Q: 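Quick one: the structure is below, and I'll ask about it shortly.
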Amino acid sequence: MNNPFTLAFGQQPAQFISRISQTEEIIETFTDERPSSQVYMITGIRGSGKTVMMTSIANELEQDKEWITVELNPTRDLLIGLASKLYCIKPLHTLFTNAKLDFSAFGLGVSLENSVPITDEETMIESMLKEIAKSGKRLLVTMDEVTNNEYVKVFASTFQILLRKDLPIYLLMTGLYENIYSLQNDEALTFLYRAPKIMLEPLSENAIASNYKSIFKVSVEESMKMAKLTKGYPFAFQVLGYLCWKYKDKELNEVIPEYDHYLEEYVYEKIWSELSDQDRRVVAELSSQKEIKVKELRDKLNMNSSEMSVYRNRLGKRGIVDISKYGYISLKLPRFDYYVKMCVMDME
Ligand SMILES: Nc1ncnc2c1ncn2[C@@H]1O[C@H](COP(=O)(O)OP(=O)(O)OP(=O)(O)O)[C@@H](O)[C@H]1O
Ligand SMILES: [Mg+2]
């Protein structure tokens, strides 16, 4: 049998631990008769499962005939991208043709007799959506890894107008906290500020343990020990499973060096490289203890309490530290303390 675990990012893994409540929250909101929101943003650290969650929601909605789903690439022109994709969907194509919509100015189809060609992108999308609405369907647009770029800004402001016109367009985006943050704080896009955000937290260690237990036929204690080693971090769950499968005869301790190696190469190097010097100082201090009192950390780093709260909040929102225990702070990712210690040693 092939290894049931995967090291690939962005694909539905065979061993999948569902995030029932958050997934249901989005699906229920979007499928509601009168949705309270037509946009959701999924954020979380690298490897926390944003792409997987976005895809599984799109797949689920796609099962429903009422929904059309389209994935757009946020590094390209999104209005044109959306129009061309919609134009290529067969049943929609028929709708547009019957409605005598002329998009020839954009290279979509040929010019039609007796109809005025549409020459504005926003108008094009709007007229397409009106037909979609008439046919009783809803459109879900997904966008993975958004950043605050011009394309995304233009798309978001058009989206805002379409919402005002009560058109059935829904938007599901994923992004790193800092990118989502910068987008929603853009003055032109204030509606995103109120848009609901889902922050991906670790998977349940119990669910992970029970998965390992059934795959590896190990004791409850052993499966719990393995789950603890992942701290619920989705990528780590796959890596540890992958290695334990590959080296069936080895003890857990023996696979740890390779486990560290994958975590480092696939995510930790990137995360570390994106931290500012001050963030690194905080993280380095945290790597020496399992958890630390915020007050003690502040004293060690010589920071006042408002400075500290900036770092604490930001690192918390990015998914690097755990601040859920009042007055305490600790590193959230598995074996990240070990990785950070190595980095600090290299710098000295
Ligand atoms: N619910 C889940 N259950 C089990 N494994 C998961 C789950 N979600 C994600 N994973 C695994 O975690 C890894 C990362 O998932 P994904 O690619 O969705 O992360 P991401 O947040 O999009 O990361 P990035 O920011 O780098 O794009 C993959 O190996 C995937 O198989
Ligand atoms: Mg991703």
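Just so you know, these numbers use all the heavy atoms, side chains as well, and skip hydrogens, waters and symmetry mates. This is a predicted model, so every value here is computed, not measured. Order of listing sets the numbers, starting from 1, for every ligand and every atom in it. The chain is numbered in sequence order, starting from 1.
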Q: Return yes if some donor-acceptor pair links the side-chain N/O of S115 with the main-chain N/O of L101 below 3.5 Å, else return no.
A: no
Q: Below 4.0 angstrom, N of the basic side chain to O of the carboxylate: do K137 and E66 qualify?
A: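 Here K137 does not pair with E66 in a salt bridge, since their nearest N and O are not under 4.0 Å apart.
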Q: Give yes or no for whether the N/O distance cutoff of 3.5 Å, strictly under, is met between A8 and ligand 1.
A: yes
Q: Does E126 come within less than 4.0 Å of K130, counting only side-chain N to carboxylate O?
A: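 Between K130 and E126 there is a salt bridge, with a charged N closer than 4.0 Å to a carboxylate O.
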Q: Looking at non-hydrogen atoms alone, which of P13, G47, A14 comes nearest to atom 14 (C) of ligand 1?
A: G47
Q: Polar contacts were defined as any N/O atom of the residue lying under 3.5 Å from an N/O atom of the ligand; does this apply to I17 and ligand 1?
A: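 Such a contact does occur with ligand 1.
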Q: Tell me the nearest of E145, K270, M54, R46 to atom 27 (O) of ligand 1, using heavy-atom distances.
A: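 Going through E145, K270, M54, R46 one by one, E145 has the nearest heavy atom to atom 27 (O) of ligand 1.
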Q: Does R19 reach ligand 1 with a nitrogen or oxygen that is under 3.5 Å from one of the ligand's nitrogen or oxygen atoms?
A: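 Such a contact does not occur with ligand 1.
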Q: Please indicate whether any nitrogen or oxygen in G10 is less than 3.5 Å from any nitrogen or oxygen in ligand 1.
A: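 Yes, G10 has an N/O under 3.5 Å of an N/O on ligand 1.
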Q: To the closest 0.5 Å, what do you measure between CG (L229) and OH (Y259)?
A: 4.5 Å
Q: Please write down residue, atom name and distance for the protein heavy atom closest to atom 7 (C) of ligand 1.
A: P234 CB, 4.0 Å
Q: Go through ligand 1 atom by atom and flag the ones less than 4.0 Å from a non-hydrogen atom of Q238.
A: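 Answer for ligand 1: 4 (C), 5 (N), 6 (C), 11 (C), 29 (O), 31 (O).
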Q: Inspect the contact between K295 and D299 and indicate whether a charged nitrogen and a carboxylate oxygen are less than 4.0 angstrom apart.
A: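 Salt bridge present between D299 and K295.
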Q: Give, for atom CZ of F5 and atom CG of L240, the distance between the pair rounded to the nearest 0.5 Å.
A: 8.5 Å
Q: Mark up the atoms of ligand 1 that fall under 4.0 Å of a heavy atom belonging to F237, in ascending order.
A: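 Answer, ordered by atom number: 4 (C), 5 (N).
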Q: How far does CD of Q11 sit from CG of L7, to the nearest 0.5 angstrom?
A: 10.5 Å
Q: Tell me which one of R335, K250, K246 satisfies salt bridge (charged side-chain N to carboxylate O under 4.0 Å, His left out) with E258.
A: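 So the option named by the test is K246.
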Q: Return yes when atom NZ of K197 has more than 12 non-hydrogen atoms of other residues, nucleotides or ligands closer than 6.0 Å, and no otherwise.
A: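 Counting other residues, nucleotides and ligands, NZ of K197 exceeds 12 neighbours.
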Q: Who's the nearest protein heavy-atom neighbour of atom 22 (O) of ligand 1, and how far?
A: T51 OG1, 2.7 Å
Q: Are any of the N/O atoms in K50 less than 3.5 Å from those in ligand 1?
A: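 N/O-N/O distance below 3.5 Å exists for this pair.
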Q: Does the pair K225/E221 count as a salt bridge with the N-to-O cut at 4.0 Å?
A: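 So K225 does not pair with E221 through a salt bridge.
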Q: With a 4.0 Å cut-off on heavy atoms, is G44 in contact with ligand 1?
A: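 For ligand 1, residue contact (heavy atoms, under 4.0 Å) with G44 is absent.
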Q: Could you tell me whether a side-chain N or O of D322 sits under 3.5 Å from a main-chain N or O of S330, the two making a donor and an acceptor?
A: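 Not at all, since once roles are kept as given, no pair shorter than 3.5 Å links the two residues.
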Q: For the 3.5 Å polar cut-off, considering only N or O atoms, please tell me whether G49 and ligand 1 meet it.
A: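 Yes.
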Q: Looking only at atom types and distance, does a side-chain atom of R314 sit under 3.5 Å from a main-chain N or O of D279, one as donor and one as acceptor?
A: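 Answer holds: no.
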Q: Students should be able to answer this: which protein heavy-atom is nearest to atom 18 (O) of ligand 1, and at what distance?
A: V52 N, 2.9 Å
Q: Considering the Mg ion (ligand 2), could you give the total of protein N/O/S atoms lying closer than 2.8 Å?
A: 1
Q: Please work out whether any backbone atom (N, CA, C, O) or any side-chain heavy atom from C-beta onward of I45 is under 4.0 Å from ligand 1, and answer side chain, backbone, both or neither.
A: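 Just the backbone.
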Q: Taking E285 first and then R298, would you say they form a salt bridge - that is, a charged N and a carboxylate O separated by under 4.0 Å?
A: no
